[in-house]
Chemist: 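This structure is in structure tokens; I'll ask about it shortly.
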Number of protein chains: 2
Amino acid sequence: MRHHQIHQHPHHDHPLHRAEFPGFGRGGEFPGFPPFGPRRRPKGDVRAAILAILAADGVEAVNGYGIMKAIGEQTEGAWTPSPGSVYPTLQQLVDEGLIAPTGEGRKTEYALTEEGRAYTAEHAEELASWATAQRPSDAARALMESAGRLMAVLGQFRHAATDAQRAAAAEQLDATRKALYLILAE
Amino acid sequence: MRHHQIHQHPHHDHPLHRAEFPGFGRGGEFPGFPPFGPRRRPKGDVRAAILAILAADGVEAVNGYGIMKAIGEQTEGAWTPSPGSVYPTLQQLVDEGLIAPTGEGRKTEYALTEEGRAYTAEHAEELASWATAQRPSDAARALMESAGRLMAVLGQFRHAATDAQRAAAAEQLDATRKALYLILAE
DNA sequence: GATGCGTCAACGATATATCGCTAATGTTCG
DNA sequence: CGAACATTAGCGATATATCGTTGACGCATC
């Protein structure tokens, strides 16, 4: 069993036992719309993407967060790697001597070493392949936008709605869900 | 202007300038359903909640993340304070001598000091008021659940759908959005 | 009492990092 | 070639922390 965040006296009925609480999460939120694209990138893509971004013309140093954002932008939203994959890979590249960090903590940035420059020049083609990740189609984009607009309206049911209005909204959503199943069944 | 994540040569047309990219964010995601409850808690509530949680029977030490989760659980989802408010407040309480940290980095936990114990015993009533935050009504919960189920179905349009199906789904969502506006207009 | 100003705590965004799980790939064996 | 096994990189969850913005509250003044 994982280490608990809360150290408790083992004989007390304390209020913080995980199993006793409804899993509501953060203030009524629930997962947003998941990203398009494959569930998982091929091995090596995170590494390739980092190197390609650091090797790009005009780029001197980039922080970890910036690398994630750049990948997301260059794939037009098709793929934004998570910190869980980016930071270990950055460290690995440091260990390999291809990149070097400057600054500490929040100010940490990474740049290619000379060795890294030579490596990326020699493997430019391999390091570019991730950027051709399949883009969301126009229909997929439009669907995401529609879902976004729907969520925005739902946001108004937080404060400025009666419970009767909320009940009516829930009915609408349930009907829409059924309609979506029918569409998927085609 | 804020410090840029990417240090670039100022005279190149580099691919990472923020203004040149569509704001797609992480792989097609967009904001989820925002939480119920006031936009902002009254001043002092974060402090009170932290002290109350650390003072609860059976609680010895709690990490920052655990405090956030505990508050969310005890308010039944009505309020989960963000790291931006919890960590500074924890540090402030440390500076005041009411709590003390043990461990470092990911292992950091916080417990009341003796002074903190005396303080919380003396101010128990004040420190309990946040826990009465207004709960989401049953109708609000049901709406959140409906929205969650709808998003789950939408998740299937990521991979297992044609563009024609996506277009049909978008039409459904747009119709639902209009219906929600009508409900709000009542 | 009403208004304006100053302060500061709460928030969302930014940013780093690790952990446990598991999907995916490569290797070995029959 | 197919199946089984081993390895490891990618992912989501966990966890810490800071920064810039701003909402809310208290105080002073009229």
Side-chain angles (χ1 to χ4, degrees), chain A residues 1-6 18 23 25-27 29 31-32 34-35 37-50 62-72 79-96 101 103-110 130 133, chain B residues 1-6 18 23 25-27 29 31-32 34-35 37-50 62-72 79-95 101-110 130 133:
Chain A
M1 188 58 184
R2 286 217 48 240
H3 175 70
H4 284 258
Q5 294 99 334
I6 302 184
R18 187 174 303 167
R26 179 179 167 83
E29 282 187 10
R39 291 182 192 278
R40 194 179 274 228
R41 299 297 309 181
K43 286 186 182 178
D45 265 17
V46 175
R47 185 170 183 282
I50 292 171
V62 191
N63 70 4
Y65 194 72
I67 282 169
M68 289 177 242
K69 292 184 71 173
I71 294 171
W79 173 44
T80 305
S82 67
S85 48
V86 167
Y87 286 106
T89 309
L90 283 168
Q91 185 55 53
Q92 197 174 50
L93 289 166
V94 169
D95 294 344
E96 289 177 42
E104 291 193 346
R106 278 177 82 87
K107 296 191 173 73
T108 309
E109 289 179 332
Y110 297 90
W130 58 275
Chain B
M1 185 60 182
R2 283 219 50 241
H3 176 70
H4 283 260
Q5 293 100 336
I6 302 185
R18 186 174 302 166
R26 179 179 165 81
E29 281 187 12
R39 292 181 192 279
R40 194 179 271 230
R41 299 297 309 181
K43 287 187 181 179
D45 264 18
V46 174
R47 186 172 183 279
I50 291 171
V62 191
N63 70 6
Y65 195 72
I67 282 170
M68 289 176 244
K69 293 185 69 174
I71 295 170
W79 173 44
T80 304
S82 67
S85 48
V86 166
Y87 286 106
T89 309
L90 283 168
Q91 185 55 53
Q92 197 173 51
L93 289 167
V94 169
D95 295 343
T102 58
E104 292 194 345
R106 279 177 83 88
K107 297 190 172 75
T108 309
E109 289 178 333
Y110 298 88
W130 59 274

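Order of the sequence lines fixes the chain letters, A, B, ..., with proteins taken first and strands second; residue numbering starts at 1 for each chain.
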Chemist: Side chain of Ser85(B): nearest nucleotide among dA10(C), dG12(C), dC11(D)?
Modeler: dA10(C)

Chemist: Starting at atom CZ of Arg106(B), determine the distance to atom P of dC19(C), rounded to an integer number of angstrom.
Modeler: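 Roughly 6 Å, once rounded to whole Å.
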
Chemist: Expressed in angstrom and rounded to an integer, what is the separation of Ile50(B) atom CD1 from dA10(C) atom C1'?
Modeler: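 Going from Ile50(B) (CD1) to dA10(C) (C1'), I get 12 Å.
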
Chemist: Rounding to an integer number of Å, can you tell me how far Met68(B) CE sits from dA10(C) P?
Modeler: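 Rounded to whole Å, this separation is 13 Å.
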
Chemist: For Trp130(A) and Arg47(A), what are the C-alpha separation, side-chain angles and deciding distance, and is it a side chain to side chain contact (heavy atoms under 4.5 Å, CB included)?
Modeler: CA-CA 10 Å; Trp130(A) 58 275; Arg47(A) 185 170 183 282; over 6 Å; no

Chemist: How long is the straight-line distance from OG of Ser85(A) back to NZ of Lys43(A), given to the nearest 0.5 Å?
Modeler: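 If we round to the nearest 0.5 Å, Lys43(A):NZ and Ser85(A):OG are 13.0 Å apart.
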
Chemist: Check every strand shown and say whether Gly84(A) touches a base, only sugar-phosphate, or nothing at a heavy-atom separation below 4.0 Å.
Modeler: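 The answer is base, as Gly84(A) lies within the cut-off (heavy atoms under 4.0 Å) of a base atom.
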
Chemist: In whole angstrom, what separates Asp45(A)'s CG from dT8(D)'s C1'?
Modeler: 15 Å

Chemist: Give the nucleotide from the list dA17(C), dC11(D), dT18(D) with an atom nearest to the side chain of Pro88(B).
Modeler: dT18(D)

Chemist: Considering just the side-chain nitrogens and oxygens of Trp79(A), establish if one lies under 4.0 Å of OP1 or OP2 belonging to dC11(D).
Modeler: yes

Chemist: Expressed as a whole number of angstroms, how long is the span from Lys69(A):NZ to dA15(C):C1'?
Modeler: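 One finds 11 Å between C1' of dA15(C) and NZ of Lys69(A), rounded.
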
Chemist: Taking CG from Leu90(A) and P from dT18(C), how many angstroms apart are they, rounded to a whole number?
Modeler: 11 Å

Chemist: Side chain to side chain contact (heavy atoms under 4.5 Å, CB included) for Leu93(B) and Tyr110(B)? Distances and angles first, verdict last.
Modeler: CA-CA 10 Å; Leu93(B) 289 167; Tyr110(B) 298 88; over 6 Å; no

Chemist: Specify the separation, in whole Å, of atom OH of Tyr87(A) and atom C1' of dT16(C).
Modeler: 5 Å

Chemist: To the nearest 0.5 Å, how far apart are CD in Glu104(A) and CD in Glu109(A)?
Modeler: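 These two atoms lie 13.0 Å from each other.
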
Chemist: Run the side chain to side chain contact (heavy atoms under 4.5 Å, CB included) check on Thr108(A) and Leu90(A) step by step: do they pass?
Modeler: CA-CA 11 Å; Thr108(A) 309; Leu90(A) 283 168; over 6 Å; no

Chemist: Both conditions, 6.0 Å and 45 degrees, for the charged tip of Arg41(A) above the ring of Trp79(A): are they met here?
Modeler: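 Positive - Arg41(A) is close enough to the ring of Trp79(A) and near enough to its axis.
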
Chemist: Under 4.0 angstrom, heavy atoms only, what part of the nucleic acid is Gly105(A) near: base, sugar-phosphate, or nothing?
Modeler: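 Sugar-phosphate only.
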
Chemist: Just how far, in rounded Å, is C1' of dT25(C) from CZ of Arg47(A)?
Modeler: 16 Å

Chemist: Please determine, for the side chain of Gln92(B), which listed nucleotide (dA9(C), dA15(C), dT14(D)) has the closest atom?
Modeler: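 The answer is dA9(C), which lies nearest to the side chain.
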
Chemist: Considering the options Val86(B), Asp45(B), Thr89(B), which one meets the side chain to side chain contact (heavy atoms under 4.5 Å, CB included) requirement together with Pro81(B)?
Modeler: Val86(B)

Chemist: When you match Lys107(B) and Thr89(B) each to their closest nucleotide on DNA chain C, which lands nearer the 5' end?
Modeler: Thr89(B)

Chemist: Pull out every protein N or O sitting under 3.5 Å from an N or O of nucleotides 24-26 of chain D, one pair per line with the distance.
Modeler:
residue : atom : partner  : partner atom : Å
dA24(D) : N3   : Lys43(B) : NZ           : 3.4

